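Note that the structure is predicted; figures quoted are calculated from it, not measured.
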Amino acid sequence: IKNDTLWLYIWHTNLLYCYDLKSKKQTEIQLDKKINATGFYYYAINDICADASGQNFWISSTFEGIQLVSKSGQVIKKYYKADLHTADDDIQELELTGNFLWFGCPEGLGRLNTKTGSSTIFKNPLIKGENVMQNRGVYSIIVDTIGNLYLGSSYGLLYFNTQSLQFYHLPKGHPLSTSEFNKMSTL
């Protein structure tokens with residue numbers, strides 16, 4: 001998880017693959033059957049990031065929200081839409097900074113406190129034609145050198161100040177402020 005391994009998942013399977021970059025060896029880790037109530041595994045994993053200890057990882061997925069999973073594949077914690085305050089369990093990118101796990105979702109930018117389990121959603125709606133407000137879904141997150149966030153959203157590149165909890169956007173008409181700069185787009 002920490003600069004020496006590459007973790008892979010093949011959709012619709014119960015296996016995570018760990019490739020050790022130093023030894024050039026791959027191992028399989030079977031995922032816990034408690035991933036969800038149906039006994040099925042992830043349809044799609046959108047992101048994997050190490051927890052603060054480096055012994056577990058956070059997984060975001062299309063239909064299973066956010067889960068903390070051990071390196072041996074055991075589910076430790078699960079966070080679904082009711083816990084995360086989202087409309088569904090579609091969680092995209094993850095970035096861990098201190099006790100906060102930042103996540104992208106259709107409603108905007110989410111922040112999960114990994115110590116308390118509390119969650120907050122930061123919305124940044126866009127006014128579209130006929131004065132209709134639409135949320136900017138967040139698909140990708142990059143932390144800058146001072147702890148603020150660059151966000152690839154459904155309507156352009158955004159910047160989020162983690163201290164003031166404010167969004168900043170590019171001017172209307174800028175090529176990176178359109179819907180063409182969206183899913184999985186970051187600097």
Walk me through whether Phe160 and Phe122 qualify under ring pair (Phe, Tyr, Trp, His ring centres under 6.0 Å).
CA-CA 10 Å; Phe160 185 76; Phe122 301 96; 5.2 Å; yes
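- Taking Asp89 as the reference, Tyr80, Lys81 meet the side chain to side chain contact (heavy atoms under 4.5 Å, CB included) condition, with sequence neighbours excluded.
- The minimum heavy-atom distance linking Ala50 with Leu96 is given by the pair O-CD2, 3.4 Å.
- Legend: residues meeting side-chain hydrogen bond (donor to acceptor under 3.5 Å, both in side chains) with Asp47, ordered by chain and number and at least two apart, are absent.
- Gly54 approaches Lys71 most closely through the heavy-atom pair O-CE, 3.3 Å.
- When side chains are defined from C-beta on, Leu21 does not count as touching Thr5, because their heavy atoms never get closer than 4.5 Å.
- For the pair Ser154 (side chain) and Gly137 (backbone), a donor-acceptor distance under 3.5 Å is present.
- Residues Ile76 and Val69 fail the side-chain proximity criterion, which asks for heavy atoms closer than 4.5 Å.
- The ring pair (Phe, Tyr, Trp, His ring centres under 6.0 Å) test applied to Tyr19 returns no partner, not counting sequence neighbours.
- For Tyr17 and Trp7, the ring centers are positioned 6.0 Å apart or more.
- Contacts of Thr27 classified as side chain to side chain contact (heavy atoms under 4.5 Å, CB included), with partners at least two apart in sequence or in another chain: Cys18, Ile29.
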Donor-acceptor pairs under 3.5 Å, side chain of residues 104-114 to any protein atom, not counting sequence neighbours: which ones?
{"residue": "Glu107", "atom": "OE2", "partner": "Ala87", "partner atom": "N", "Å": "3.0"}
{"residue": "Asn113", "atom": "OD1", "partner": "Lys115", "partner atom": "N", "Å": "2.9"}
{"residue": "Asn113", "atom": "OD1", "partner": "Thr116", "partner atom": "N", "Å": "3.1"}
{"residue": "Thr114", "atom": "OG1", "partner": "Asn99", "partner atom": "O", "Å": "2.9"}

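- Phe100 pairs by the ring pair (Phe, Tyr, Trp, His ring centres under 6.0 Å) definition with nothing, not counting sequence neighbours.
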Would Phe103 and Ser119 count as a side-chain contact (heavy atoms from CB on, under 4.5 Å) here? Give the steps.
CA-CA 10 Å; Phe103 61 91; Ser119 180; 3.8 Å; yes
Apply side-chain contact (heavy atoms from CB on, under 4.5 Å) to residues Phe63 and Asp90 and explain how you reach the verdict.
CA-CA 5 Å; Phe63 299 112; Asp90 184 11; over 6 Å; no
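- Side chains of Lys78 and Glu64 form no contact here, defined as non-hydrogen atoms less than 4.5 Å apart.
- Remark: Asn124 CG to Asn135 CG distance equals 9.0 Å, nearest 0.5 Å.
- Here CG of Leu151 is found 6.0 Å from CD1 of Ile141. Values are rounded to the nearest 0.5 Å.
- Side-chain atoms of Asn46 and Glu93, non-hydrogen and from C-beta on, never get closer than 4.5 Å to each other.
- A distance of 11.0 Å separates CG in Asp20 from CD in Gln26, rounded to the nearest 0.5 Å.
- Taking the side chain to side chain contact (heavy atoms under 4.5 Å, CB included) definition, one finds that Asn161 meets it with Asn148, Gln163, Ser164, Tyr168, sequence neighbours left out.
- Contacts of Leu170 classified as side chain to side chain contact (heavy atoms under 4.5 Å, CB included), with partners at least two apart in sequence or in another chain: Leu157, His174, Leu176, Ser177.
- Looking only at distances, a side-chain donor or acceptor of Thr162 sits under 3.5 Å from a matching main-chain atom of Gly147.
- Applying the side-chain hydrogen bond (donor to acceptor under 3.5 Å, both in side chains) criterion to Thr120, with sequence neighbours excluded, gives no partner residue.
- For the side-chain hydrogen bond (donor to acceptor under 3.5 Å, both in side chains) test, residues two or more places apart in sequence or in another chain that qualify with Asp144 are Tyr159.
- A donor atom on one side chain and an acceptor atom on the other are not found under 3.5 Å apart for Ser60 and Trp58.
- Interatomic distance, CG of Leu158 versus CG of Leu149, reported as 10.5 Å (0.5 Å rounding).
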Show your reasoning for whether side-chain contact (heavy atoms from CB on, under 4.5 Å) applies to Leu16 and Leu31.
CA-CA 7 Å; Leu16 278 175; Leu31 289 168; 3.7 Å; yes
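- The nearest pair of heavy atoms linking Ser72 to Ser70 is OG-OG, 2.8 Å.
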Trace of the side-chain contact (heavy atoms from CB on, under 4.5 Å) decision for Phe57 with Asp51
CA-CA 5 Å; Phe57 39 73; Asp51 74 346; over 6 Å; no
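- With sequence neighbours left out, Gln134 forms a side-chain hydrogen bond (donor to acceptor under 3.5 Å, both in side chains) with Tyr155.
- Taking 4.5 Å as the limit, some side-chain heavy atom of Leu101 sits within range of a side-chain heavy atom of Leu94.
- Separating the CD atom in Glu28 from the CG atom in Leu15 is a distance of 5.0 Å, to the nearest 0.5 Å.
- The SG atom of Cys49 sits 9.0 Å away from the CD1 atom of Ile66 when rounded to the nearest 0.5 Å.
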